Amino acid sequence: METSEAGLASGRVGAASIAFVGVAATAPIVTLVTVVPAALATGAGPLVPWSFAVAGLVLLFFCAGQAAMIRRFPSAGAAYTQVAHGLGRPGGVVAAWLAIAGYQAIQFGLYALAGLAAAPLLSSFLGLTAPWWAVAAACWAIVALCGTMRIEVTAALIGLVAVAQTAVLAGVGAAGVLQPADGRVTADTIRVAGPALLDRPALGLLLAVAALAFAGLESSAGYAEEGFQPRRSAGFGGYWAVLLLTLLLGGFAWSMIVAAGPDRVATAAARGPELLFDLAAERLSPWAVTLSRVMLLAGVLAAILALHTAITRYLYALGRERVLPGVLGRTRRRTAAPRAASVTQSLIAGAALAGAHAAGAGPGPRTARWLITGGSLSILTLLLLVSVAALLRLNRVPGPEGPWSRFLAPVLSTVSLGALAVLAFRDLPALLALPPGYPLVKVIPAALAASVLLGVGHALLLRRLRPVIYAGIGLAGTPVVITPPPPPHAEPAPAAPGPASVAAGSASAAEPPKIPRQRDPGAHRPERVDRNQTGIAPAGVEGSEIG
C-alpha cells in the first residue's frame with residue numbers, strides 16, 4: 001500500500017454532500033423513534049416541535065461563527081484547529097479529545113441500537129433472531145470497509161441513505177397530516193396553551209433534549225479541506241444541515257401530534273419506539289411500514305459511518321501535526337483518504353465491541369441512551385468552546401467579516417449554548433432516566449472532566465518535551481517557530497533536529513535555525529510576532545499575523 005504525506009485532496013465534495021453527511025451523523029430517525037415519543041409521553045405536546053425550532057435557531061447562530069472560522073482555517077481538524085486559534089493550543093488539544101470521546105460514545109450507543117433495529121426485519125424476512133453482537137459485527141465490517149474509500153464515494157453512500165431517510169420520514173409525516181385525528185388539523189397541535197403557566201424545569205429539559213439531538217452537526221466542518229471550495233463548502237454545508245434537520249425533527253414531531261390528536265398524543269406515545277410505526281400502519285400499506293423499519297436500520301448504519309469519518313479526520317489532523325503518532329497523518333496515494341487513521345479507528349471500535357461481548361454485555365435501549373447522552377454532552381461542550389473561540393479570534397484579529405458573523409452571532413451562540421449546557425447538566429438524571437444519586441449520573445461529568453484534563457496534560461507535555469510540535473498545533477502540519485534575532489557577537493547555537501523552523505533577524509543564511517527554549521520570546525506564539533519585523537510570512541497568514 002502506497003502512502004503519501006501530500007494530504008487530503010481538495011475538490012472532492014460539495015456543500016450538499018457535506019450537509020447530508022452532517023444530517024446523517026445526527027441519526028434523526030433514531031431521535032424520532034426513541035426521543036420524541038418519550039418527550040410526548042410527558043405531556044409536552046406542542047412544546048416538542050418548538051423546542052427543536054429553538055435549538056435549530058441556536059445552531060444557526062453557531063454556524064455563522066464557525067463558517068467564519070472555516071474561511072480562515074479550513075482544516076480537517078475542525079474544532080481542534082478553530083479552538084487552538086481562539087483559545088490557545090491547550091484548548092485545541094482539549095477540543096480534539098472532547099470530539100473524539102464524544103463521537104466514540106455516540107457511535108458505541110448506535111452499535112447498541114443496531115441489533116434492536118435489525119431484529120424485526122430479520123424475524124420477518126428470515127425468521128432469525130440474531131444476537132446484538134452479530135448485527136454490530138456486520139455493521140462494523142461495512143463501516144471499516146467504507147471508511148477507507150475515497151471521501152466522495154463514502155459521502156455519496158451516506159448522502160444516499162440520508163436522502164432516502166428524509167424522503168421516507170417526509171412521506172410518513174405527510175400521511176399523518178393528510179389523515180389527522182378526528183379528520184382535521186387544529187391550532188392546538190402547535191399552539192402552546194397558557195405560556196405563563198409552563199413548567200419551567202420541564203421546558204428546560206425539553207430544550208436540553210432538543211440541543212443534544214443536534215450533536216454530530218459539528219462534524220461537517222471536518223470536510224473543509226476536501227470541499228469544492230475549501231473555505232466555503234463546509235460552512236454552507238453546516239447551514240443547510242441545521243435547516244434540514246430542524247425542519248425534519250420539528251416537522252415530524254408536529255405530524256405525530258396531528259396524527260395521534262393533541263389531546264391523545266401523550267397516551268399514544270406510551271407505545272414508545274413503536275409510535276412512529278403504529279401511526280404509519282394506521283394510514284399506509286404494510287410495505288411502507290417495513291420500509292420505515294429498513295430506514296431505521298440504514299439510518300443507524302449511516303450515522304455510524306458518518307461518525308467514523310469524523311473521528312478519522314480528527315485522528316488524521318492530530319497525526320499530521322505529530323500531536324499523535326505521525327503515521328495517522330498519512331493518506332493513501334491513490335485515494336487521498338486517511339487510511340491509517342481509518343484503520344486505527346476501526347480497530348479501536350472493533351476491540352471495544354469484542355470486549356463488550358467477551359464481558360457478557362447485552363446492550364439495549366438503556367445502554368444506548370446512556371452512551372448517546374454522554375457523547376452528546378461532550379459535543380455540546382465542544383460547540384461551546386468553538387463558539388467562544390470564534391468570538392475571541394474573530395474580534396482579536398479583525399478580518400472581512402461583518403458585525404453579525406464576527407460579533408453578534410458568536411455572542412448569541414455562546415450565551416445560548418452556555419444556557420443549554422447548564423440545563424443539560426442540571427437535568428442529567430432525567431436525561432439518563434436515572435435517580436439523582438445513581439453512580440452513572442456522576443460518571444459522565446467525571447468522564448468529561450477527565451477528557452479536559454487529558455487534553456491539557458497532553459498539551460503541556462508536548463510543550464515541555466516537544467516544543468516545536470507544540471508550536472505547530474493548529475497550523476495544519478506546518479510548524480513555524482520564529483526566534484528573536486541573536487544578540488551581537490553571540491555564539492551561534494548548535495543545530496537541533498525537528499520540523500522546519502523559520503529563523504528571523506540578521507542570522508546568516510548558512511547558519512542552521514535555532515529551536516527556541518520554552519521561555520524564549522515567541523517560542524510558541526508566532527502569531528504575536530509582527531511579520532514586518534521578521535520579513536517572513538509562511539503560507540496561511542491571516543491579516544498581519546502568522547496563523
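A quick note: this is a predicted structure, and the numbers were derived from the prediction, not measured.
Side-chain atoms of E321 and Y80 form a donor-acceptor pair, as typed in the model, at a separation below 3.5 Å.
Side-chain contact between I100 and L318 is present, with heavy atoms from C-beta onward closer than 4.5 Å. Residues L87 and V94 fail the side-chain proximity criterion, which asks for heavy atoms closer than 4.5 Å. A 4.5 Å side-chain heavy-atom check between R466 and V323 finds every atom pair outside the cut-off. Between F52 and F214 there is a side-chain heavy-atom pair separated by less than 4.5 Å. L328 is not listed as a side-chain neighbour of P338, based on a closest heavy-atom distance of 4.5 Å or more. Residues P28 and V23 have side chains in contact (heavy-atom distance under 4.5 Å, counting atoms from C-beta outward). V388 places none of its side-chain heavy atoms less than 4.5 Å from the side chain of L417. Counting heavy atoms from C-beta on, the side chains of Q107 and I311 come closer than 4.5 Å.
With sequence neighbours excluded, the residues satisfying side chain to side chain contact (heavy atoms under 4.5 Å, CB included) with A67 are R71, Y239. Here R406 pairs with L394, N395, E401 under the side chain to side chain contact (heavy atoms under 4.5 Å, CB included) rule; sequence neighbours left out. Residues that satisfy the side chain to side chain donor-acceptor pair (under 3.5 Å) test with T31, not counting sequence neighbours, are absent from this structure. Scanning for side chain to side chain donor-acceptor pair (under 3.5 Å) contacts around T309 gives Y223, with sequence neighbours left out. Take A208 and apply the side chain to side chain contact (heavy atoms under 4.5 Å, CB included) test, not counting sequence neighbours, and it matches L423, A424. For E218, the side chain to side chain donor-acceptor pair (under 3.5 Å) partners two or more places apart in sequence, or in a different chain, are Y103, Y314. In this structure L408 satisfies the side chain to side chain contact (heavy atoms under 4.5 Å, CB included) test together with W404, sequence neighbours excluded. The side chain to side chain donor-acceptor pair (under 3.5 Å) check on W254 picks up T189, with sequence neighbours excluded.
Put simply, CD1 on I158 and CD1 on I304 are 11.5 Å apart, with the number rounded to the nearest 0.5 Å. Here T373 contributes atom OG1 and L428 contributes atom CG; the two are 8.0 Å apart, rounded to the nearest 0.5 Å. Atom OG of S220 sits about 13.0 Å away from atom CZ of F236, to the nearest 0.5 Å.
Counting only residues at least two apart or in different chains, salt bridge (charged side-chain N to carboxylate O under 4.0 Å, His left out) contacts with residues 143-153 comprise R12-E152, R150-E152. Pairs engaging residues 48-68 under the salt bridge (charged side-chain N to carboxylate O under 4.0 Å, His left out) rule: none recorded [sequence neighbours left out]. Annotation: side chain to side chain donor-acceptor pair (under 3.5 Å) contacts involving residues 154-166, sequence neighbours excluded, are absent. Within the structure, side chain to side chain donor-acceptor pair (under 3.5 Å) contacts touching residues 407-423 (residues at least two apart or in different chains) are S387-S413, S387-T414.
Looking at Q345, its side chain never comes within 3.5 Å of a backbone N or O of T312 through a donor-acceptor pair. Using modelled atom types, one side-chain atom of S342 and one backbone atom of G147 make a donor-acceptor pair closer than 3.5 Å.
With salt bridges taken as basic N to acidic carboxylate O contacts below 4.0 Å, one links E226 and R313.
The heavy-atom pair separating L98 from S451 by the smallest distance is CD2-CB, 3.9 Å.
Heavy atoms of other residues, nucleotides or ligands lying less than 6.0 angstrom from CZ of F425 number more than 12.
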